[in-house]
Participant: 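Starting off with a structure, shown below.
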Amino acid sequence: MSFMTYLSKRVVRMVLSLTAVSMITFTLLQLAPGNFADIQRISAGASQFGGAGTEDMVHAFASRYGEEIPAWRQYLIFMKGAVTWDFGPSYKYPAQDVQDIIAQGFPISATIAIIAVLLSLVIAIPVGVYAAVRQNSAADHGTMFLITLGTALPNYLTGVILVLVFTLTLGVLPSSGWDGPQHMVMPVLALVLGPTAVLARYVRSSMLETLREEYVVAALAKGGPRSTVITRHALRNSMIPIVTVLGPLLASLMTGTVFVEALFRIPGLGLYFAQAAASRDMPLLMGTALFFALILMTMNLIVDLVYGYLDPRIRAAGGVSRWRRSQKSPQRQPA
Amino acid sequence: MATITEEPAAATGVEADKARSHWARAWARFRANKLAFASLIFCALLIVTALAAPWIAPYHFSETDPDARLAPLLTDGHLLGTDLLGRDIFSRLIYGLRTALFVAFGAELASLVVAILIGLSAGYIGGRVDQGLMGITDVMYAFPSYLFAIVLVTVMGRSLWAVMLAIGISSWVTQARLVRAQVLTVKEREYVEAARSMGASGMTISIRYILPNAIGPLLVTTSFAIPAAIGAEAGLALLGLGVQPPTPSWGSMISEGTSYILAAPHLLFLPATLFALTLLAFTWVGDGIRDAFDTSGEDR
Amino acid sequence: MSSASSLEVEDLRTEFVLRDRVLRVVDDVSFTVEPGQALAIVGESGSGKSVAMRSVMRLLPKTGRVAGGQARLGGTDLLGLSERQMRKVRGRDIGMVFQNAMEALNPTLTLERQLTEHLLWHGICDRAEAKRRAVETLGDVGIPEPEKRIRTYPFQLSGGMRQRAMIAMAMVTQPSVLIADEPTTAVDVTVQRQLLDLLARLKARGTGVIMITHDLGVARYFCDDAIVMYAGRVVEHSPIRPLLAHPAHPYTSGLFSSTLEVGARQRALRPIPGSPPDLAHRPPGCAFHPRCDRAEERCGQEDQPLLPWSGNGSDLVPGTVAETGRPTDERTDDRADERTGRREVACWKAVQHG
Amino acid sequence: MADVTVRPDGAGSGPGTDTEPVDGRLIGVDHVDKVFSTRAGDVHAVRDVSLSVRRGETLGLVGESGSGKSTMARLMMGLMAPTDGTVTFDGVDLSTVRHGDMRRLRAQMQMVFQNPYGSLLPHYSVSANVAEPLRLHKRGDKRSRRQRAIELLTMVGVNPRFADHYPRQFSGGQQQRVAIARALALEPKLLMCDEPTSSLDVSIQAQVLALLDELRAGLGLTLVFISHNLAVVERFADRVAVMCLGQVVEIAPTEILFDSPRHPYTQQLLAAVLPVSKDPLPAPATPWQPEAGDLPLREVAPGHYVRDCTT
C-alpha cells in the first residue's frame with residue numbers, strides 16, 4: 001500500500017467520522033427540551049417582563065430558521081452547506097456566518113493553545129529527562145511532587161488563583177478581554193500547568209523505559225559521553241511515544257478550553273460553543289462541533305505521520321496502525 | 001530421578017518462602033508508599049463523610065439563616081461561616097463533597113463497565129467486531145470530550161444523573177481503548193495459547209485469564225480518572241452546567257466565591273482548598289497504585 | 001592507536017547495594033587475557049559472569065559498585081580511572097558485543113551512525129574516514145554490499161546479519177580487547193559457526209577476546225582458556241581442553257555431564273540436582289555444596305580458595321591447541337605450553353584426589 | 001488429495017507419505033500446507049508436509065528458526081487449521097471435529113511450551129495452574145483436584161510445600177516442571193514438547209530432560225519433541241524429522257539419521273555442531289543454501305526418507 005492509498009483511506013475514515021459526529025450532535029439537539037426560539041423567548045421574557053409580541057417573535061424565528069420543517073430536512077439543508085464550508089448564519093448572531101465566527105474565534109484559541117503547548121514542552125522535556133536520569137533521588141521525588149500538584153489542579157482553579165494574585169492583589173494584569181499580549185499571560189499560564197505536568201510525566205516514564213534498553217548500554221560501552229548518549233540515543237527514542245500524547249493535547253487546547261475562556265472572557269471558540277449549546281443555536285453548535293472534530297482528527301493524522309518520521313520501523317511499514325498490527329502477526333508467528 | 005523434594009531450601013528453586021499473589025505484592029508495595037497510604041486514608045475519610053453527610057452536616061444544604069448572611073469564619077453556630085443567602089458553608093461543603101464523589105464514582109464505575117465490555121469484546125473477538133466497536137470509539141474520540149459533556153448536560157437538564165452521564169461518556173472512550181490494547185497484549189502471551197491447548201473456551205480465556213491480567217493498568221487509569229471526574233463536575237458547575245442549585249457543588253461555590261472575593265474571601269478559599277486537597281489525595285492514591293503495579297524495575 | 005595489550009583482572013569484587021543489605025555478586029575473580037587469546041567465562045545465569053564484565057567496563061547499574069580489585073589494561077588500572085578517562089577506554093580499547101543485536105542496536109539510527117559515532121567521539125578520524133572504515137568493517141564481517149547496507153536500519157537486516165553488524169560496530173575501532181557476552185546464543189547453529197569463525201579472524205589479528213558463554217562446545221571451539229563461575233566465584237581456571245577432558249571441580253564435571261553432545265549417546269546424562277542459588281541466599285562455605293554429591297561437612301563450613309591442580313593435566317600434548325585456529329606464532333605457543341600445566345580449582349576434595 | 005479425504009483414518013499413500021499401519025499411528029499429517037497471510041505478502045510456513053507419529057514413540061522435529069517446526073506443532077495440536085491437507089489424531093480428521101468436541105479431544109493431547117513462565121497463569125498458584133485443566137474438563141471436585149495437583153507436583157519433583165506459591169516465585173526449571181505437571185493432569189495420550197528446555201540453564205535442562213525421559217517410560221506417552229538442539233533430539237527421539245523452509249527434508253530413525261545423514265541440509269546442520277569432548281574439532285563449514293522446492297521425499301532405506309534436491 002502506497003502512502004497515497006494510506007492517506008486517502010484515512011481521509012475517507014475522517015469523512016465518515018465527521019458525518020457521525022454531525023448526526024450525533026444534531027440528534028442531541030433535537031432531543032433537547034426547547035429550541036432556539038423558546039430559549040430566546042424565555043430570556044427575552046425574563047428581561048422584558050413577558051413583553052407583548054413574543055408569540056409573533058417565536059413564529060418569526062421559527063419560519064426564519066426553518067424550525068417548522070421536519071428535522072431530517074433541516075439536517076440535510078445544513079449538511080449541504082457544510083460540505084462547501086458554508087454553515088449559514090448563526091441564530092444568535094444573525095449578522096455573522098458561522099464559518100466567520102470560527103475564523104475569528106479559532107485563531108485566538110489556537111494562539112493560546114500553541115503558546116501553552118510550546119511552553120509546556122520547553123519545561124516538560126528537561127524536567128522529565130532530569131527526573132528520569134536521577135531516578136529515585138530526592139530531586140526526582142521533589143520534581144514529581146510538584147508535577148502532581150500540576151496534574152491535580154484544574155486550569156480554572158489555577159486561573160482563579162492567578163486572577164487573585166495578578167489582578168486583585170498586584171493589579172498588574174487585566175482579568176478579562178482579549179486585546180494585546182497582557183491579556184495572554186494569565187490564560188496561557190493557567191493552561192500551561194496541566195499539559196506540562198502530563199508531558200513531564202510521560203517524558204520521565206518513557207525515558208526511564210528507554211534508559212533500560214540495551215542499546216543505551218551499548219552506546220555507553222562504545223565510549224559515548226553520558227549527555228550525548230542520553231540526548232542522541234535515549235531522548236530521541238523516548239520522544240516517539242510523547243508525540244502520541246502531544247496531538248490530542250494540542251487539539252483539545254486549540255479547540256478552546258471553555259473554562260479558561262469563560263473565566264477570562266476571551267472570545268475564543270470554546271466560549272462560542274458553550275453559548276451555542278446553551279441557546280440551541282443549531283448552526284453555530286453544529287459548525288463548531290464539526291470543526292473541533294476535524295481539528296482533532298487532523299491532529300491525529302499529523303501525529304501518525306510525525307510518528308512515522310521519527311521511527312523508521314513505522315516508516316518502513318507504512319503507517320503506525322499498520323506497523324502496530326504487523327507487530328502482532330509476522331513477528332510473533334510461530335516459526 | 002532428579003527428585004528434589006528433600007533438598008536444602010537454597011536449592012529448591014523457590015525465591016521466597018511465602019506464597020504471595022500479585023495483589024498481595026501490589027498491596028505491600030502500596031503500603032510502603034507513605035504518601036499514597038496517607039492519601040488513601042484521607043480519601044477513605046472523605047468517602048465516609050460523604051456517605052454520612054446528613055448526620056455530620058449541622059444544617060441542610062438549602063437551609064438559610066437570614067440573620068447571618070455572609071457570616072465570617074468561626075461565627076457562633078456556623079463554624080465556617082455562611083454564604084450570601086445565609087447558608088452554612090460547612091454543611092454545603094460536605095454536601096458538595098457528596099455531589100462530587102457521587103458523580104465521580106458513578107461516572108467512572110459506569111464508564112469502567114462499558115469500557116471493559118467494549119474493550120474486551122473488541123480485543124478478544126477481533127475482526128469485524130473489533131473494527132465496528134473501534135469505529136464507534138473513534139467517533140466518540142473525535143468529539144472533544146468536555147464539549148460532549150456540555151451538550152449533554154444542556155440537553156438533559158442539570159440533574160445529578162445527567163452530569164454523571166456526561167462525565168462518564170467522555171471518559172469511557174480512553175478506557176475502552178486501553179482495555180482493548182491490554183487484551184491484545186495479554187492475548188499474545190503464551191499462557192493464552194496454553195489455555196487454548198488445554199481446551200479452554202473463549203469465554204473462560206477472556207474472563208478468567210485475560211481480564212485479571214489486564215486489570216492492573218485499568219485500575220491505574222481509573223484511579224486517575226476519579227480526580228479528573230471530580231474536576232470535571234466542578235468545571236461544569238463553574239460554567240453553570242452542573243447540578244441544579246440549590247444542590248451544592250464545589251464548582252458553583254467557587255464560582256460564587258470569586259464574586260465576593262474581597263468581601264468574603266473564605267467563600268472562595270474554603271471550597272477551593274478542600275477541592276484541591278481532594279484532587280491531590282486521589283491523584284496520589286493513583287500514583288501509589290501505579291507504582292504498586294509497576295514491575296518494570298524487576299526482572300519479570 | 002591501541003597496540004596489543006593484555007587485560008589482567010585481579011581479585012575483582014563487585015557488590016550490589018540493596019535497601020537492606022549488600023550482595024557480593026562477583027567475588028575475587030582473577031584472569032588474564034593476552035593479545036590473540038580467547039578466554040571463556042563459563043557459567044549459568046546468575047553466576048556473575050556478565051556483572052564481572054560490566055565491572056571491568058565500569059557500566060554497572062546504579063546499585064552496583066566495584067568493591068575491590070584491579071583491572072589492568074596494558075598496565076593502567078581501569079578501576080582507578082576517572083569517568084572521563086574511562087570513557088576513552090570504552091569502545092576504543094575495549095569493545096563489547098552483546099547477546100542480542102536486536103536490542104543492542106538502536107532501532108532508530110542507521111548503521112552508519114552507529115558504526116561511526118564512536119570513531120568521532122574518540123577523535124580517531126574525521127567523518128569521511130569514519131564512514132570509509134565502517135563500510136570496510138561491514139565488508140570484513142561478511143555483509144554483502146556494505147556501501148548500500150550502511151544506510152539501512154537494524155530492523156531491515158536478518159538476525160544473522162544484525163549480529164554481524166554489531167560485531168562490526170565493536171571492531172571498527174580495532175580495540176585490543178573484545179568482550180563478547182553470549183554472542184551466539186540467540187542465533188542458529190549454522191550462523192553461530194560463521195560468527196565464531198569471524199571472531200576467530202579477529203583473534204588472529206591480535207585482539208584478546210573474552211567470551212561469556214554457557215555453551216561448552218562454543219568455549220572449546222573458540223577459546224584457549226576458561227574460568228568456570230558459580231555463585232559469583234571462580235571455581236575452576238584452566239586451559240579449555242584439559243578442563244573439558246578432565247573437569248576437576250564437581251560443578252564443572254556436573255556441567256559437563258549435563259551437556260548433551262551429538263554422537264555421544266552412550267555418555268550418561270547425569271544432571272546436577274537442585275538449581276543455582278540466587279545470590280541473596282548464598283550457601284555458606286562452598287556455594288555448590290548443597291548440590292554436590294561429593295560434599296562433606298567441611299564443604300559447608302569453610303570457603304574454598306582456588307588451589308593449583310595438576311591431576312590429569314599431563315596428557316595434554318602441545319599442538320592440540322593449534323587446532324582451535326589460533327595463530328601459530330611462536331611466542332604465543334610457548335605461553336600456551338606454559339599454561340597447560342597451570343590449572344586451579346576451588347575444591348579441596350578435588351585437590352586431594354588430583 | 002481426494003484419496004486422502006475419503007479415508008476416515010486419513011492415511012494417505014501418495015508419494016512422500018510414510019506408510020504406517022493405520023492403527024499404529026496416533027497422529028497422521030498428510031500433505032499439509034500452512035500459509036500465513038501477512039501484509040507483507042503470504043508466508044508459506046509449512047509446505048506439503050506428510051509424517052506420522054506412532055503410538056508410544058518419540059518423534060523429534062529439528063530445524064532452525066523459521067523452518068516451520070513450531071507451526072507444525074500447532075497444526076498437529078489442532079490449534080490452527082491447515083491451509084491444505086489433513087491432520088488426524090487417533091484416526092479422527094481434526095478439520096471435521098466441531099468446536100465443543102475439539103475441546104474434549106484436547107484432553108488427550110497436551111503441550112509443553114518453550115517459555116514456562118509465559119505459559120503458566122501468573123495470577124494462579126502453581127497447584128491451581130496444575131488443577132486448571134481438570135477444572136476445565138470438569139473432573140472431580142475442588143478438593144480432589146487440588147489433591148491430584150499436589151500428587152502431580154510431587155511426581156515432577158516440585159516440593160508440595162510450595163503448592164500455593166505463584167509461578168513468579170519459582171526458578172525457570174521449577175516452572176517447567178509445573179508446566180509438565182499441568183500437561184500430564186488429564187493423562188493425555190500425546191505430549192507435544194515445543195523447545196521445552198531451550199530457555200533453561202544447562203544443568204536445569206538436563207534435569208528436565210531426565211524427568212521427561214522418566215515420565216514417558218512410566219506413563220507410556222507418545223511424544224513429539226521439537227528442538228533446534230540436535231544433541232537433545234538425538235538423545236531423546238526414536239525417529240527424527242528434519243525441517244527446512246517449511247518442508248521436511250529428511251526423516252529417519254535417530255541412529256540412521258545421525259550416523260549417515262543423506263540430505264545436504266542435514267549434513268550441514270550436523271557439521272555445524274560444536275562438540276564438547278569429541279575430536280577433531282570441525283573445520284569451518286561451507287554453507288549450503290537451502291531453497292524450497294517441489295521435489296518429492298524418496299525412501300532411500302527402510303524408514304529413511306530424503307527429499308530430492310537439485311544440488
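Proteins come first, then strands; the chains are lettered A, B, ... in the order of their sequence lines, and each starts at number 1. Basis for what follows: all heavy atoms, side chains included, without hydrogens, waters or symmetry-related copies.
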Participant: More than 12 non-hydrogen atoms from neighbouring residues, nucleotides or ligands closer than 6.0 Å to CZ on C/Phe16, yes or no?
Facilitator: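 For C/Phe16, atom CZ is crowded (more than 12 foreign heavy atoms under 6.0 Å).
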
Participant: Flag the pair C/Pro154 / A/Tyr215 as yes when at least one side-chain heavy-atom distance between them is below 4.5 Å, and no otherwise.
Facilitator: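 They are not in contact (no side-chain heavy atoms under 4.5 Å apart), so the answer is no.
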
Participant: For C/Ala104 versus A/Ala218, what's the shortest heavy-atom pair and its separation?
Facilitator: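 The pair with the smallest heavy-atom distance is O-CB, 3.4 Å.
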
Participant: Is C/Leu105 close to chain A through its backbone or its side chain, or both, or neither, when contacts mean heavy atoms under 4.5 Å?
Facilitator: backbone

Participant: Apply side-chain hydrogen bond (donor to acceptor under 3.5 Å, both in side chains) to C/Asn106 and list each qualifying residue two or more places apart in sequence or on a separate chain.
Facilitator: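 Testing C/Asn106 for side-chain hydrogen bond (donor to acceptor under 3.5 Å, both in side chains), a comparison that skips the adjacent residues, returns A/His233, A/Asn237, C/Thr108.
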
Participant: Using the salt bridge (Lys or Arg N to Asp or Glu O under 4.0 Å) criterion, which residues pair with C/Arg113? Sequence neighbours excluded.
Facilitator: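 So C/Arg113 forms a salt bridge (Lys or Arg N to Asp or Glu O under 4.0 Å) with C/Glu117.
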
Participant: Is C/Ile94 in contact with chain A via its backbone, its side chain, both, or neither, using a 4.5 Å heavy-atom distance?
Facilitator: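 It is the backbone, since no side chain atom gets that close.
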
Participant: Could you tell me whether the side chain of A/Gln135 reaches within less than 4.5 Å of the side chain of C/Lys62, counting heavy atoms only?
Facilitator: yes

Participant: Got more than 12 heavy atoms from elsewhere within 6.0 Å of CZ, C/Arg72?
Facilitator: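 Correct, the count exceeds 12.
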
Participant: When you look at CZ of C/Arg132, are more than 12 heavy atoms from neighbouring residues, nucleotides or ligands closer to it than 6.0 Å?
Facilitator: yes

Participant: Is there a side chain to side chain contact (heavy atoms under 4.5 Å, CB included) between A/Lys222 and C/Gln114? Walk through the geometry before answering.
Facilitator: CA-CA 10 Å; A/Lys222 290 194 296 186; C/Gln114 302 193 57; 4.1 Å; yes

Participant: Report, by ascending residue number, the residues of residues 45-57 of chain C in heavy-atom contact with chain A at a distance under 4.5 Å; give 'none' if the set is empty.
Facilitator: C/Arg54, C/Met57

Participant: Under the rule for salt bridge (Lys or Arg N to Asp or Glu O under 4.0 Å), what residues qualify as partners of C/Lys148, not counting sequence neighbours?
Facilitator: C/Glu145

Participant: With side chains defined as the heavy atoms from C-beta onward, is the minimum distance between C/Arg87 and A/Arg226 less than 4.5 Å?
Facilitator: no

